[in-house]
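Everything on this sheet refers to the single structure shown next.
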Amino acid sequence: MPTTTDYYELLGVPKGADIKDIKKAYRKLARKYHPDVNPGDAGAERKFKEIGEAYEVLNDPKKREMYDRFGHAAFEQGGGSGPGAGGYGHGGGHSGYGGGGFRPEDFARGGQGFDFNDIFGNIYGGGMRTGPSKGQDSQYTMEVEFEDALFGTTTHLSVQRDATCTVCDGSGSRPGSIPQTCPDCKGTGKSKSAMPFFGGSQPCQRCHGTGKSRSEPCINCNGRGTVNKSERLTVKIPPGVDNGSRVRLAGKGGPGTGGGPPGDLYIITNVRPHGFFERRGDNLYCEVPVTITEAALGAKIDVPTKDGMVTMTIPAGTQSGQELRLRGKGVPHLGSAGEGDQYVKLRVVVPAPDSEYAKQLFRDLERAVPQDPRSKVSFRGFRRRG
């Protein structure tokens with residue numbers, strides 16, 4: 001029986017969703033509930049039919065308009081083409097998904113405006129594409145020193161990876177041998193789906209969709225088409241990388257199939273913390289101590305930066321915790337010109353007088369520069385309840 005659940009609710013999209021969002025939602029759910037992924041699960045099969053029914057209506061502007069106006073009643077018996085308009089089943093005559101309604105086999109043939117292989121390609125490792133395909137990308141996490149993240153560096157990395165066999169060029173067959181027609185798929189490269197109800201097919205497991213079987217395997221790779229090798233790679237870390245930055249090494253990923261190019265290797269950087277500088281985005285932060293005299297009267301002090309010591313002017317009357325900015329002394333912008341800034345937090349160090357003479361000087365200072373730093377601090381306490 002056709003579903004009576006709201007179509008928008010079934011796909012998890014709002015009523016005003018555009019076609020792109022509807023299709024994206026359907027793709028996600030179709031992969032999840034496809035019966036080939038859930039063999040023998042009647043609930044998944046039912047769910048798959050329901051979301052297909054919802055997609056067929058919401059993907060069609062005319063049907064969607066009717067549904068928005070009349071709901072499921074727009075497609076009840078005699079109410080027009082759509083889910084429930086006619087018979088669909090094993091033998092016909094059953095009320096269900098009618099002549100204009102959702103039929104799973106349409107998706108296997110590329111109907112309803114998109115390709116079955118496009119929807120379920122990820123389930124079967126690329127669908128029925130038997131031509132050259134790019135190898136899988138891979139990734140490696142690399143620890144990077146704080147200084148190297150600021151200025152960039154060139155380092156080396158040893159990896160173990162599968163690469164296309166250079167003897168057979170990835171075919172798995174001995175050079176000069178004649179590949180035979182695969183006995184399982186008869187050269188089609190396809191095997192019948194485990195769920196023929198859907199009218200689709202999967203890549204042949206014996207020949208992996210090539211339609212050919214190896215008469216004589218390559219002695220270098222034992223017929224696999226790939227060999228595992230150790231390779232020393234040169235990695236150029238650009239200035240400005242941060243935690244989670246990706247550095248691409250083209251062609252250093254998994255081997256391609258059918259003569260396709262290899263995938264890429266992505267270096268994921270993990271920057272070690274620094275003992276003095278703290279990084280926030282492309283800005284650097286640090287804390288520098290100053291004396292009471294420097295803070296009160298102003299001074300020029302030397303401050304560490306990524307480029308070495310620089311002279312910074314402290315204005316008179318500086319308070320502890322105040323931050324001053326050094327423009328352009330931060331982290332280089334990754335992939336573009338310019339740099340962030342450095343923020344210097346000043347911490348006023350209060351000495352502990354260790355003599356009566358020193359204590360008297362502080363008393364004299366207080367009389368010369370009287371102040372009440374707590375004059376605006378007032379609080380009457382919380383009122384107790386109960």
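Nothing here was measured: the structure is a model prediction, and the numbers come from that model.
- A donor-acceptor pair is defined here as one N or O able to donate and one able to accept, closer than 3.5 Å; such a pair exists between the side chain of Gln342 and the backbone of Pro304.
- Residues Leu233 and Leu249 form a side-chain contact, since some pair of their non-hydrogen atoms from C-beta on lies under 4.5 Å apart.
- Val144 pairs in a side-chain contact (heavy atoms from CB on, under 4.5 Å) with only one of the listed residues (Asn270, Thr269, Thr155), which is Thr269.
- Within 6.0 Å of CD on Gln360 lie more than 12 heavy atoms contributed by other residues, nucleotides or ligands.
- The nearest pair of heavy atoms linking Gly263 to Lys134 is CA-CE, 3.7 Å.
- With Tyr266 as the aromatic partner, Arg246 meets the cation-pi criteria of under 6.0 angstrom to the ring centre and within 45 degrees of the ring axis.
- Proximity of Val57 to Met66: side-chain heavy atoms (C-beta onward) are nowhere separated by under 4.5 Å.
- Annotation: Phe379, atom CZ; neighbour count of heavy atoms from other residues, nucleotides and ligands within 6.0 Å is above 12.
- Minimum interatomic distance between Ala54 and Leu11 (heavy atoms only, all atoms of both residues): CB-CG, 4.1 Å.
- Around CD of Glu366, the count of heavy atoms belonging to other residues, nucleotides or ligands within 6.0 Å does not exceed 12.
- Connection of Phe151 to Phe276 is established within a shared hydrophobic cluster, with ILVMFWY side chains joined at heavy-atom distances below 4.5 Å, either directly or through further cluster members.
- Figure legend: cation-pi geometry between Arg280 and Tyr285, with NZ or CZ positioned under 6.0 Å from the six-membered ring centre and within 45° of its axis.
- The aromatic rings of His34 and Phe48 sit perpendicular, their planes meeting at an angle over 60°, well past the 30° parallel limit.
- For CD of Gln136, the number of neighbouring non-hydrogen atoms (other residues, nucleotides, ligands) closer than 6.0 Å is 12 at most.
- The shortest heavy-atom contact between Ile314 and Glu294 is CG2-O, 4.2 Å.
- Shown here for Lys252 and Leu265, the closest heavy-atom pair between the two residues is O-CB, 3.5 Å.
- Here the side chain of Asp242 pairs no donor or acceptor atom with the backbone of Ser245 at under 3.5 angstrom.
- In this structure, Gln319 contributes its side chain and Gly317 its backbone to a donor-acceptor pair below 3.5 Å.
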Assess whether side-chain contact (heavy atoms from CB on, under 4.5 Å) is satisfied between Thr291 and Val349, documenting all intermediate values. CA-CA 5 Å; Thr291 68; Val349 179; over 6 Å; no

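- By the rule that hydrophobic residues join a cluster once side-chain heavy atoms approach within less than 4.5 Å of another member, Tyr140 and Val247 end up as members of one cluster.
- Side-chain polar atoms of Glu50 and Tyr7 form no donor-acceptor pair below 3.5 angstrom.
- Here the side chains of Leu324 and Tyr343 are not in contact, with every heavy-atom distance at 4.5 Å or above.
- Residues satisfying the salt bridge (Lys or Arg N to Asp or Glu O under 4.0 Å) criterion with Asp307, sequence neighbours excluded, are Lys329.
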Under the side-chain contact (heavy atoms from CB on, under 4.5 Å) rule, what do Ile267 and Gln139 come out as? Steps first, then yes or no, please.
CA-CA 6 Å; Ile267 304 298; Gln139 67 180 38; over 6 Å; no

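- Side-chain contact between Val167 and Cys218 is present, with heavy atoms from C-beta onward closer than 4.5 Å.
- Linking ILVMFWY residues whenever their side-chain heavy atoms come closer than 4.5 Å, directly or via other members, places Leu334 and Val235 in the same cluster.
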Exercise for the section: Go through the steps for Arg64 and Ile19 under the test side-chain contact (heavy atoms from CB on, under 4.5 Å), then give the verdict. Expected result: CA-CA 11 Å; Arg64 183 177 181 180; Ile19 295 298; 4.0 Å; yes

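- Within 6.0 Å of atom CD1 in Ile219, 12 or fewer heavy atoms from other residues, nucleotides or ligands are found, so the atom counts as exposed in its surroundings.
- Under the 3.5 Å distance criterion, the side-chain polar atoms of Asn283 are left unmatched by any main-chain donor or acceptor of Gly340.
- Take Glu356 and apply the salt bridge (Lys or Arg N to Asp or Glu O under 4.0 Å) test, not counting sequence neighbours, and it matches Arg363.
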| task | For Asn220 and Val227, run side-chain contact (heavy atoms from CB on, under 4.5 Å): C-alpha distance rounded to whole Å, both residues' side-chain angles, the deciding distance at 0.1 Å, then the answer. | result | CA-CA 8 Å; Asn220 186 55; Val227 293; 3.8 Å; yes

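- In this structure, Phe277 and His274 have tilted ring planes: the angle between them lies in the 30° to 60° band.
- Remark: Glu65 engages no residue in a salt bridge (Lys or Arg N to Asp or Glu O under 4.0 Å) (not counting sequence neighbours).
- Counting only distance, with no hydrogens or angles, the side chain of Thr164 and the backbone of Pro255 share no donor-acceptor pair below 3.5 Å.
- In Arg367, the CZ atom is crowded: over 12 heavy atoms of neighbouring residues, nucleotides or ligands sit closer than 6.0 Å.
- Distance alone, capped at 3.5 Å, places no donor-acceptor pair between the Asp341 side chain and the Arg325 backbone.
- Relative ring orientation between Tyr67 and Tyr8 is described as tilted, the plane-to-plane angle lying within the 30° to 60° band.
- If you chain together hydrophobic residues whose side chains sit under 4.5 Å apart, Phe362 and Val350 fall into the same group.
- Residues Leu361 and Leu365 form no side-chain contact, since every pair of their non-hydrogen atoms from C-beta on lies 4.5 Å or further apart.
- For Pro315 against Thr318, the heavy-atom pair with the smallest separation is O-OG1, 2.6 Å.
- Summarising the geometry, atom NZ belonging to Lys28 is positioned 12.0 Å from atom CD1 belonging to Ile51; distances are rounded to the nearest 0.5 Å.
- Taking 4.0 Å as the cut-off between side-chain N and carboxylate O, Glu323 and Lys345 do not count as a salt-bridged pair.
- Closest heavy-atom contact between Gly253 and Ser138: CA-OG, 3.7 Å.
- The distance from the NZ atom of Lys306 to the SG atom of Cys286 is 13.0 Å, given to the nearest 0.5 Å.
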